[in-house]
Amino acid sequence: MPSVASFSALSYIGAMKASYDFLAIEKKWREYWNQHRCFKTLNPGDPGFDASKPKYYVLDMFPYPSGKGLHVGHPLGYIATDIVARYKRMLGFNVLHPMGFDAFGLPAEQYAIETGTHPEVTTQKNIENMISQLKACGLSYDWDRMISTTEPEYYRWTQWIFLQLFESYFDPKKQKALSISQLRKFLRNDEYRVSDGQLCSDREAAFSELPLFSSLRLEQQEEEINRQRLAYIDAVNVNWCPGLGTVLANEEVTVDGRSERGNFPVFQRPLQQWMLRITTYADRLIKDLDLVEWPEAVKQMQKNWIGRSEGASLSFPLYEIKGELEVYTTRPDTLYGATFMAVSPEHPMLSTMVTSEQKPHVDAFMKRYQKQKAVSKDPTNKEKEGVWTGAYCIHPLTQKKIPVWISDYVLMGYGTGAIMAVPAHDQRDFEFAKKYNIPMQTVVMPPQEWLAQHRIDKESYVASPETLSEAFVEYGHACHSQGSGIDLDGQPTNEAKKNMIAYLEAQGLGISKVSYKLRDWLFSRQRYWGEPFPILHGAHGKLRAVDEADLPVTLPPLKDFRPQVLEDQNQDPVPSLGKAEESWKRVEIEDQRYQRELNTMPQWAGSCWYYLRFMDPHNQESFVSSEIEKYWMGENGVDLYVGGVEHAVLHLLYARFWHKVLYDLGKVSTKEPFGKLFNQGYIQAYSYQDERGMYVPADEVEHQAAEFMFEGKSVQRQLGKMGKSLKNSIAPDEVIEKYGCDTFRLYEMYLGPVEQSKVWDTEAIVGIHRFLGRLWRNFVDSESGDILVSVEESTGKLKTALHHTIKTVTEYMDQMRYNAAIAQLISLNNLLVEQSHVPSDIARAMLLMLSPMAPHICEELWARMGQAKSLHDEAWPKAREEFLKSDVMELVVQVNGKRRANIEVAADAKKEEIEKLACEHEAVKKHLADKNIAKVIYVPGRLVNIVVKG
RNA sequence: GCCGUUGUGGUGGAAUUGGUAGACACGCCAGGCUUAGAACCUGGUGGGGCGACCCGUGGGGGUUCGAGUCCCUCCAACGGCACCA
């Protein structure tokens, strides 16, 4: 008989029932954590801070405080990071695990307009509501570090960082940001010259042609300086949405050219706006992706978005017209195949090129083009259209005349807005040329195998244009590309490219060039609910930064904060801050009058640096103290960043850009902000529509045979997002009230891998709930409430199972594969059902392993077991080592790959002994009978495979 | 079109990373408790065969003593970008 220690229920749980009363238990432990400030994180310099511990910074993408509240999909990522945070604390890390709110932006303002309350009020209310919902999930945030981007104390530093950008430029020689005062020095010393926004160093060819900086008028000097700033004002083509009264980012516009919010039409037009010079960082933003551990998909998306390509820029002189057409191409090797030029309908040189005979045709085309453009931005399946300008270019190598066409597939926003068209080797040029009967010239020959496969000989390949587009091959070799001084024939594409560029550069016809899809970041909005710019406008366009001491520039209180909605697309936007009192708008400094900037920053501004503020959220002197920043960022920055994949480009690209500027200026210590990124999946749900297409409440739909019925009528089911409007939303509060927070947390994790999307199924939740019930019954006598933990340790089968569970669960925890970890723990718990008492080692290991995921029940059982320290203070590695001490291991014995027996051997047994033992096992001998042993394969710790012949 | 990811029972998903495929859970079936239902508890559940056994990880081929896992090829699904020269 094993001796049994029974602990009676501890006095402080007094009235607690013997059955698993999760609501009372969870409430008790949440209060306990709160009272004892268990999750307060100390900073370097704080009393009691332990600098010997390694740090771990685990961060969620902070949410938008929406008025609709959370549904069960939202906490998925938060639960995952919370498990990481709790687990890492048990592993002996100093863990930074904060939460805050990204509360500025269009949706908050729109919501405020709908409800008629000031956004400040609604935002505050929404934040409070979300905090209480998050707290109910048992998340171990350090709430003392909570921040909201809308707090003046926070956006003071958002404005400050903007000023860092404003006071910096990108140095082309050093390839990093330096201060504007540095640039002034360089210009004074004549190390750089500047003209029309071009910054040339003394090494560059154009240098000597540019005027001396000191020779410019003072205003010109300032103008040139302003054009170098990382934050600058420029007239650019923007998405102007009069219906919303603001300009929008590309991604806020739908494919039909309407606003994502409100579905108002959006117009392209040039407007003076604030821009951030993200393009100067394009190369580093690509290159440094190698430094981070991110999902391949996200890295790929960022690379695509930046869209780097290598090629050449070359000029085609116009025939009998002054001037030349500059084009960009990635295939300079196909220059001999250029049979026409194509320019964008928005090309600035159109008017000089169009001849009087062609003008009517061009006008007609332009009319159709404008109309088409207003209807749709979506180019898919649209037939390419164009019109001849009447003009010709001179081919720089052959000196032949080639026509210049206007083509709607040439985009003004990329390259130079003009291309050399090589119809023989470009799908689009091919389609266009075919439609308008423009000749083609083959200059790339596919490999022999390709020709053989397609049963085409060289001559007919060159001669037959119908096959050309099909036959576009990247890895062919050049042909028909000879001229005076150059002969590319026979060279593979890569070589031909290089040689052509070298030739063009030598002849002064072109130069090699790198091109990007990435555009500078349009940074101003005309809405109210955003950070005001810390900028003053003086006379003659003079820009002045607000003194650091005068930050923050707080949002002026407005009674009417609605945007100015305009009917006429040609009207200029009216910033909401224009409605502020004159006393706010006008500033006088040193007898100079200034007007405040009236635009506000876009939604992304606040989220570009919040991960830095979390480290030191109450610092009044600086955006983050450098000592604290160095500790928490360490080598890799944020150790784990979890959020949805929808932020793969925008937020993550913008934040990286700001971080790199701050890095260049010496304000932060790592090149990259987020060392490891993890995209959690979405929780999907079924929604149901009746025959009119109206959504019906999902929880009232009945499943009968193959049909779904609502109020006796058949309804259509589809899988998608969860949302109030789809009537399939489930609030975490409901689930927690019914099953408890631990069940909820475990269930969300148990649904499947965290990174995968999965379907919410409220029915399946009982499985996890039963598990916790069984766990409780294994540990606590349902009659007496006594704890059923033996003082004895496990033996035999249970010991083996414990070892296996500890090994696998540890691995799963490290890989964030919580569904698999939970399954292992359920399996171990199921073995305990037959036991009258839980062996003490299993009891302790079980609670230690489970507690990051289901902390409340584990704390309770831990306390009832009479453990001295609180569970979350317990160090897991020490316990794990203790449990894993073992002297016996189990091996599988196979004969020709088939399992024949299991044997137990001493952990330190030699290879020969093990093999002998395996061969002599009864069940194995049978299969060896009259056969020869060819070889014996021993896989340490796992199996012995005996290979036999005969 | 380009890039990326993934294919395992009725379902969600495991498989010690090349070593007993289907752990664990839902669902389903049987039983218990109950006046009855809900809830709860116990057992069974890939396919075929009375059986020892045989077949099974999208299809085909390969490497290996051994393949869900590695290689080649085809197919299918999901996601992102998309007239980017």
- Message: Taking 4.0 Å as the cut-off, does a side-chain nitrogen or oxygen of A:Tyr328 come that near to OP1 or OP2 on B:A85?
- Response: no

- Message: Using a heavy-atom cut-off of 4.0 Å across all strands, would you classify A:Lys384 as base, sugar-phosphate, or nothing?
- Response: base

- Over 12 non-hydrogen atoms of neighbours within 6.0 angstrom of CD in A:Glu737: no

- OP1 or OP2 of B:A23 under 4.0 Å from side-chain N/O of A:Arg817: no

- Distance between P atoms of B:G47 and B:U42 (Å, rounded): 24 Å

- Query: Does the A:Arg745 side chain pair with the main chain of A:Pro852, one donor and one acceptor, at a distance under 3.5 Å?
  - Reply: yes

- Does B:C24 have OP1 or OP2 sitting under 4.0 Å from an N or O in the side chain of A:Tyr818? no

- Query: When you check the glycosidic angle of B:G9, does it come out syn, meaning within 90° of 0, or anti?
  - Reply: syn

- Message: Could you tell me how far apart A:Glu326 (CD) and B:A85 (P) are, to the nearest whole angstrom?
- Response: 16 Å

- Under 4.0 angstrom between A:Gln756 side-chain N/O and B:G13 OP1 or OP2: yes

- Taking atom P in both B:C78 and B:G27, what distance in whole Å separates the two? 28 Å

- Message: Strictly below 4.0 Å, N to O, side chains only: are A:Glu915 and A:Lys911 in salt-bridge contact?
- Response: yes

- Does A:Ile937 or A:Tyr414 map to a spot on RNA chain B nearer the 5' end, using the closest nucleotide for each? A:Ile937

- Item | Pair A:Ser407, A:Tyr436: side-chain N/O donor-acceptor within cut-off below 3.5 Å | no

- Does one side chain, of A:Asn819 or A:Tyr812, offer a donor that lies under 3.5 Å from an acceptor on the other? no

- Atom P, compared across B:U16 and B:C81: separation rounded to whole Å: 35 Å

- Message: Quick check on B:A14: is either OP1 or OP2 less than 4.0 Å from any side-chain nitrogen or oxygen of A:Asn819?
- Response: yes

- Chi angles and distances behind the side chain to side chain contact (heavy atoms under 4.5 Å, CB included) call for A:Tyr654, A:Leu650: CA-CA 6 Å; A:Tyr654 295 152; A:Leu650 302 169; 3.8 Å; yes

- Query: Out of A:Thr416, A:Val404, A:Val410, which residue meets the side chain to side chain contact (heavy atoms under 4.5 Å, CB included) rule with A:Val343?
  - Reply: A:Val404

- Query: When you compare B:G43 with B:G61, how far apart are their C1' atoms, in angstrom units rounded to a whole number?
  - Reply: 44 Å

- Starting from C1' on B:G4, measure out to CG on A:Asn304 and report it in whole angstrom. 9 Å

- Tell me which nucleotide among B:A23, B:C81, B:U5 gets nearest to the side chain of A:Glu296. B:U5

- Query: Are side-chain N/O atoms of A:Glu310 and A:Ser512 paired as donor and acceptor at under 3.5 Å?
  - Reply: no

Distances for protein N/O vs nucleotides 25-30 of chain B N/O pairs under 3.5 angstrom?
{"unit_1": "B:A25", "atom_1": "OP1", "unit_2": "A:Arg774", "atom_2": "NH2", "d": "3.4"}
{"unit_1": "B:A25", "atom_1": "OP1", "unit_2": "A:Asn830", "atom_2": "ND2", "d": "3.2"}
{"unit_1": "B:A25", "atom_1": "O4'", "unit_2": "A:Tyr750", "atom_2": "OH", "d": "2.8"}
{"unit_1": "B:C26", "atom_1": "OP1", "unit_2": "A:Arg770", "atom_2": "NH1", "d": "2.4"}

- Roughly how far, to the nearest 0.5 Å, is the CG atom of A:Leu746 from the CD1 atom of A:Ile826? 7.5 Å

- Query: Any donor-acceptor pair under 3.5 Å joining the side chain of A:Gln894 to the base of B:G19?
  - Reply: yes

- Runs of at least three consecutive Watson-Crick or G-U pairs, both distances under 3.5 Å, are what I'm after; which ones involve RNA chain B? B:1-7 with B:75-81, B:10-12 with B:24-26, B:27-32 with B:40-45, B:46-48 with B:53-55, B:58-62 with B:70-74

